[in-house]
Amino acid sequence: MADEAKAKGNAAFSAGRFEEAIGHFTDAVNLDPSNHVLYSNRSAAQASLKRFGPALEDAQKTVELKPDWAKGYSRLGAAHFGLRSFDESIEAYKKGVELDPANEQIKAGLSEVENAKEAKESGGGGMGGLGNMFSSPDIWAKLAQNPETRGYLAQPDFVQMLNAVQANPSALGTYMSDPRMMKVLGMMIGVNVSSGDEFMKEQGGKPESPAAPTPKEPEPEPEPMMTDEEQAEKKAKEDAIKEKELGNAAYKKKEFETAIEHYNKAIELNDSDISFLTNRAAVYMEMGNFDDCIKDCDTAFEKGRELRIDFKLVARALSRKGTALTKKGELKDAIEVFNRSLMEHRNADTLKKLKDAESAYKKQQEEAYLNPELADEEKNKGNELFRDGKFADAVKHYSEAIKRNPKDHKVYSNRAACYMKLAAFNEALKDANQCIAIDPTFPKGYTRKGAVQFFMKEYDKAMETYQEGLKHDANNEELTDGIKRCVDMINKGNRGELSEEEMKMRQQKAMQDPEIQMILQDPIMRQVLNDFQTDPKAAQ
């Protein structure tokens, strides 16, 4: 919607309907308040209506949103110039030239302001001050663009006269009787000078001469005159935007071949706008033509770098390429491209795509590593080392077996046994749980888990684990013996036969139990316990 309002504003501006253009640009700003181009365009329209105050506000907003955009400072300089703030205008134009040294339009604006400032400081008297205005290097371009002065450049005597003034500004008075020079001077200072005699009277400072008229305020946009080539280029860009919009409409309708035709035409009309390439790449992706999609993204990236296009558009091209590579299954390359895109512009959508690609790549690598036969070899090596009492070495081979075949529940059971021998009870418990998760009917998984809990003095939990295992194998002696051992230790505790250290450890384990913690958080229960501690008789 913002692009549509912007396009209408551009069309009205080009037709000279500046008030209408301001309305459209304002609508676009309301829809997309972070778009610096919209403020820039509205600033130009305001300046064209001599509203330099609002033009300055829009120009300041432009450079605030996009401080590295040279054209924003051109708008700022033009607005200051219109307000006759020469120093601020010169500062803004210089910043624009610093950002884009090859921009002739900005350099011409700077030169014009500097000449105007010099003319103002000279007080308007004497030919030397005015003659300096002819030293501007862009005067020839301005003469060629103005239909009233263009023909002078074909007259050798005029060219010789202008060269003489450029070489010696003080010689301007010698040629002021020539009406052609008067016309050029009028164009330079924005005054309609009707004759050489009239101008000489004003410049001679005679008492009866009226005050010099106020210079005409400059219009920063559009340029006074566009060459045929510039007009053709402008029309081509406008036609390209129309083709892009038609392509977008076809894409939404899933008319992909039609969309590609329109994007092709847009690219032919204006090959400097990489959005046409990235849009066509999106169509190719929907069609499953990933190679052409990647090719368009590469072209868009290279052209964006060459033309120093907005980094967000460059990042979009890379992100789209990464998506195409992901769909092709080339995840490693996709991860690299996504990272490059994030270096251009950090975008939440691209960041999510990167994480998804990394997760898929990790899974892909794990699956490529799977080999049940090699897993069995590693398991057998681990078994031999376990029998030899080399438990740490056995863990290494069991771990490799799990990488080769993570669905073998017996390997987790074996590694849990190793961890128990190494007194690494937390790791042993994790492996026992994983063994049960893979095969809930495997009795050994419950005996491993129960044994770990027993050694950790968690007798109640161990007994629950053994009982759960008996549901799958009611006659399993290991599980039955495990329950007996748990009951024996619980009874010893109840009879006070445990050592002080065992009792302390048991209490600590109990306090870590989530159910006991929930009970202790109950206000009534806390009061009862407090009564037992402070006044046991009253509590009874």
Side-chain angles (χ1 to χ4, degrees), residues 1-49 51-76 78-79 220-222 234-235 237-254 259 262-263 266 269-270 272-283 300 304 309-317 319-320 341 344-350 352:
M1 294 296 290
D3 289 339
E4 182 180 349
K6 174 188 171 185
K8 291 180 180 178
N10 290 341
F13 185 93
S14 300
R17 302 191 303 274
F18 304 122
E19 196 70 58
E20 179 185 340
I22 290 171
H24 290 305
F25 290 140
T26 300
D27 291 340
V29 165
N30 292 334
L31 292 168
D32 188 4
S34 63
N35 190 329
H36 61 282
V37 176
L38 302 178
Y39 292 98
S40 171
N41 289 3
R42 190 169 67 178
S43 176
Q46 297 281 17
S48 298
L49 292 174
R51 299 172 184 168
F52 296 111
L56 179 61
E57 292 178 5
D58 278 344
Q60 289 171 333
K61 185 65 175 178
T62 301
V63 298
E64 176 189 333
L65 292 172
K66 186 70 173 171
D68 58 349
W69 192 44
K71 193 167 186 178
Y73 293 94
S74 174
R75 300 292 191 213
L76 190 61
E221 292 286 354
K234 181 180 178 182
K235 185 177 185 305
K237 289 182 178 181
E238 292 174 351
D239 291 343
I241 292 296
K242 293 178 182 178
E243 291 293 339
K244 173 187 175 181
E245 292 172 351
L246 291 172
N248 293 346
Y251 174 78
K252 292 177 181 178
K253 295 177 182 178
K254 298 189 179 300
H262 287 298
Y263 291 138
L269 290 165
N270 179 17
S272 63
D273 190 333
I274 66 172
S275 68
F276 305 153
L277 286 165
T278 54
N279 283 16
R280 188 172 69 179
V283 179
I309 289 173
D310 188 348
F311 55 85
K312 292 182 181 179
L313 295 177
V314 174
R316 183 189 301 170
S319 181
R320 192 151 289 169
S341 176
E344 296 289 337
H345 174 61
R346 195 161 184 82
N347 177 277
D349 182 57
T350 302
K352 182 180 183 303

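For reference, positions follow the sequence shown, starting with 1.
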Could you check whether [Y] and [X], counting side-chain N and O atoms only, form a donor-acceptor pair closer than 3.5 Å?
{"X": "T62", "Y": "R75", "answer": "no"}
{"X": "D32", "Y": "S34", "answer": "yes"}
{"X": "S319", "Y": "S341", "answer": "no"}
{"X": "S40", "Y": "K71", "answer": "no"}

Taking NZ, NE, NH1 and NH2 as the nitrogens, is one of them in [X] or [Y] under 4.0 Å from a carboxylate oxygen of the other?
{"X": "E19", "Y": "R51", "value": "yes"}
{"X": "E64", "Y": "K61", "value": "yes"}
{"X": "E4", "Y": "K8", "value": "yes"}

From CA spacing to verdict: side chain to side chain contact (heavy atoms under 4.5 Å, CB included), Y263, K244: CA-CA 6 Å; Y263 291 138; K244 173 187 175 181; 4.3 Å; yes
Kindly determine whether V314 and D310 satisfy side chain to side chain contact (heavy atoms under 4.5 Å, CB included), including the steps that lead there. CA-CA 7 Å; V314 174; D310 188 348; over 6 Å; no
Can any side-chain N or O of [X] pair as donor or acceptor with the backbone N or O of [Y] at less than 3.5 Å?
{"X": "N270", "Y": "A266", "result": "no"}
{"X": "R316", "Y": "T278", "result": "no"}
{"X": "N347", "Y": "T350", "result": "yes"}

Applying side chain to side chain contact (heavy atoms under 4.5 Å, CB included) to V63 and W69, what does each step give before you reach the verdict? CA-CA 7 Å; V63 298; W69 192 44; over 6 Å; no
Taking side chain as C-beta onward, heavy atoms only, is [X] less than 4.5 Å from [Y]?
{"X": "L65", "Y": "Y39", "result": "yes"}
{"X": "F25", "Y": "S43", "result": "no"}
{"X": "L49", "Y": "I22", "result": "yes"}
{"X": "V29", "Y": "N35", "result": "no"}

Closest non-hydrogen atom pair, [X] against [Y]:
{"X": "A259", "Y": "V283", "result": "CB-CG2, 4.1 Å"}
{"X": "A55", "Y": "A47", "result": "CB-N, 3.8 Å"}
{"X": "A12", "Y": "H24", "result": "CB-CD2, 4.5 Å"}

Please identify each residue that fulfils salt bridge (Lys or Arg N to Asp or Glu O under 4.0 Å) with K237, with sequence neighbours left out.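 With sequence neighbours excluded, K237 shows a salt bridge (Lys or Arg N to Asp or Glu O under 4.0 Å) to E233, given in chain and number order.
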Got a second to check how far [X]'s [atom1] is from [Y]'s [atom2], nearest 0.5 Å?
{"X": "E245", "Y": "K242", "atom1": "CD", "atom2": "NZ", "result": "9.0 Å"}
{"X": "N41", "Y": "F13", "atom1": "CG", "atom2": "CZ", "result": "7.5 Å"}
{"X": "I309", "Y": "D273", "atom1": "CD1", "atom2": "CG", "result": "7.0 Å"}

How far apart are the C-alpha atoms of I241 and L269, what are their side-chain angles, what is the distance that settles it, and do they pass the side chain to side chain contact (heavy atoms under 4.5 Å, CB included) test? CA-CA 9 Å; I241 292 296; L269 290 165; over 6 Å; no
Should the ring pair H345 and F311 be called parallel, tilted or perpendicular, given that the plane angle runs from 0 to 90° and is split at 30 and 60? tilted
